[in-house]
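Before any comments, here is the structure.
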Amino acid sequence: MKICVLPGDGIGPEIMAEAVRVIEALDLKFEIEEALLGGSAVDATGEPYPQATAALARTADAVLLGAVGGPKWDALPREQRPERGLLGIRKDLGLFANLRPAILYPELANASSLKPEIVAGLDILIVRELTGDIYFGQPRGIEMRDGERYGYNTMHYTESEIRRIGRVAFEAARKRNGRLCSVDKMNVLETTQLWRDVMSELAADYPDVDLSHMLVDNAAMQLVRAPKQFDVMVTGNMFGDILSDEASMLTGSIGMLPSASLDANNKGLYEPSHGSAPDIAGKGVANPLATILSAAMMLRYTFGLEEAALRVEQAVKRVLAQGYRTADIHEPGTTRVGTKQMGDAVLAALQD
Ligand code: NAD
């Protein structure tokens, strides 16, 4: 069980240190090796995704990533930017399934911009296809046609691409509450008519999962009207990009949200949904919980260690119930702690 740890830039090393302490405290005999990605890799090697990192990431069973990027590297040519390292590793590892839970712990209900009764207890999972769709379709471009500029992209999916992301979503729904909502735009886009057809065909293999379909415009509306109606949602790359950001913001606390990107063999890259937060880097105040919860997703999806994943998630719930809060989620009446103290609290809760 080998984990490649990529702390990255900004707050990345600070939050990763806490996640690694949590993994080590589980005493599960993981082999943990660290490498460079993003701006720190550019500084050391000139490349955002160096060969040595690629070699380690390919041989590891899972990759745990902090975050990359920062103003220091913003003026570099595009191929040397830290974000290129992120795209590079996702592509290199063939990560086609992005899983983003949006969970609102009852203790943090006031952090949401929605009314607490609409969001308290929210627990949904968005499964987004990550390597196809209009983001990668050819032909694409901007060119002159009939004396004016003409921009175009191509949306496409093969049925095998739809089936493999569908299976990830059905399996996830099976492990949760058994409800799956597939999101498309079949009334206008043929590609997504195929999406709906293939999802419906797949349903025959999962009689224990209740499949429904929803048009994307309605899904965007329902997510803010009554988000708790959803359990698992599955959709293509572009719709998933938008809906997963919308869903994560329902919780109002970006420092709490983990994510997983998986390949066909459940090898995964696990990372918090937030960035490198250069504005607070080095101050010891960043919230490490999204990274710790990403480690819990790694235990569940790559290593199949459901019990250990639940142990970590319960520990996080316990520290919130005990009133510990980093600055981003702090409210009057709770105890403000820094990154390391939050890690200490999770470790203490793990031992209980
Ligand atoms: P960001 O997510 O880094 O920060 C947005 C705001 O949220 C900031 O005010 C920040 O302080 C706060 N924040 C984020 N994570 C937090 C945490 N764990 N605890 C407390 N507060 C937290 O987004 P940004 O400012 O738009 O981007 C900063 C850099 O991160 C950019 O270089 C961007 O390209 C990069 N980025 C990287 C990733 C990634 O590595 N996956 C994702 C998004 C952005």
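Counting begins at 1 with the first residue of the sequence. The analysis underlying the following values was restricted to heavy atoms, covering all of them including side chains, and did not include hydrogens, waters or symmetry mates. Whatever order the structure lists them in is the order used to number ligands and atoms, beginning at 1.
Looking at Ser248, its side chain never comes within 3.5 Å of a backbone N or O of Ala102 through a donor-acceptor pair. Distance alone, capped at 3.5 Å, is enough to place a donor-acceptor pair between the Asn237 side chain and the Leu130 backbone. Checked by atom type and distance alone, the side chain of Thr192 never pairs as donor or acceptor with a backbone atom of Trp195 at under 3.5 Å. In this structure, Glu129 contributes its side chain and Gly132 its backbone to a donor-acceptor pair below 3.5 Å. The main-chain N or O of Ala226 is found under 3.5 Å from a side-chain atom of Gln229 such that the two form a donor-acceptor pair. Without hydrogens or angle criteria, Ser182 side chain to Met199 main chain gives no donor-acceptor distance under 3.5 Å.
Residue-level proximity to ligand 1 for Asp328 is carried by the side chain, the only part with a heavy atom below 4.0 angstrom. Looking at Pro278 against ligand 1, only its side chain comes within 4.0 Å, counting heavy atoms. Here Val68 has heavy atoms under 4.0 Å from ligand 1 in both its backbone and its side chain. If you look at Leu86 next to ligand 1, the close heavy atoms, those under 4.0 Å, all belong to the side chain. With a heavy-atom cut-off of 4.0 Å, Ile15 does not touch ligand 1 at all.
At the shortest separation from atom 29 (C) of ligand 1 among protein heavy atoms lies Ser276 OG, 3.3 Å. With hydrogens left out, the protein atom closest to atom 7 (O) of ligand 1 is Ile254 CG2, 3.9 Å, a heavy atom. The shortest contact between atom 43 (C) of ligand 1 and any protein heavy atom is with Gly275 CA, 3.6 Å. Distance from atom 19 (N) of ligand 1 to its nearest protein heavy atom, with residue and atom name: Asn287 N, 2.9 Å. For atom 9 (O) of ligand 1, the closest non-hydrogen atom of the protein is Asp279 OD2, 2.9 Å. Here the heavy atom of the protein found nearest to atom 31 (C) of ligand 1 is Glu83 OE2, 4.1 Å.
Interface of Gly69 with ligand 1, defined as ligand atoms under 4.0 Å from a residue heavy atom, comprises 32 (O). For ligand 1, the atoms lying closer than 4.0 Å to a non-hydrogen atom of Glu271 are 41 (N). Taking every non-hydrogen atom of Ala286 and a distance limit under 4.0 Å, the qualifying atoms of ligand 1 come out as 19 (N).
Distance screen at 4.0 Å: atom 27 (O) of ligand 1 has no protein heavy-atom neighbour inside the cut-off. Within a 4.0 Å radius of atom 34 (O) of ligand 1, the protein has at least one heavy atom. Counting protein heavy atoms under 4.0 angstrom from atom 24 (P) of ligand 1 gives zero.
Residue Ile280 has no N or O atom closer than 3.5 Å to an N or O atom of ligand 1. Between Arg90 and ligand 1, not a single N/O pair is under 3.5 Å apart.
To the nearest 0.5 Å, the span separating OG on Ser112 from CD1 on Ile118 amounts to 9.0 Å.
With Pro71, Gly70, Ala67 as candidates, the residue nearest to atom 32 (O) of ligand 1 on a non-hydrogen basis is Gly70. Considering each of Gly10, Ala277, Ser259, Gly255, the one bringing a non-hydrogen atom nearest atom 3 (O) of ligand 1 is Ala277.
Using a cut-off of 4.0 Å between Lys/Arg side-chain N and Asp/Glu carboxylate O, Asp231 and Arg176 are scored as salt-bridged. A salt bridge links Arg300 with Glu313; the closest basic N to acidic carboxylate O contact falls under 4.0 Å. Ion pairing between Lys2 and Glu33 holds under the 4.0 Å rule for side-chain N and carboxylate O. Under a 4.0 Å N-O distance rule, the pair Arg81/Glu79 does not qualify as a salt bridge.
Under a 4.0 Å heavy-atom criterion, Ala290 is not in contact with ligand 1. The closest approach between a heavy atom of Thr326 and any atom of ligand 1 is not below 4.0 Å.
For CZ of Arg78, the number of neighbouring non-hydrogen atoms (other residues, nucleotides, ligands) closer than 6.0 Å is 12 at most. The environment of Glu117 atom CD is dense: over 12 non-hydrogen atoms of other residues, nucleotides or ligands sit within 6.0 angstrom.
For the pair Arg163 and Tyr157, the cation does not sit on the ring face, since its NZ or CZ is not both under 6.0 Å from the ring centre and inside 45° of the axis.
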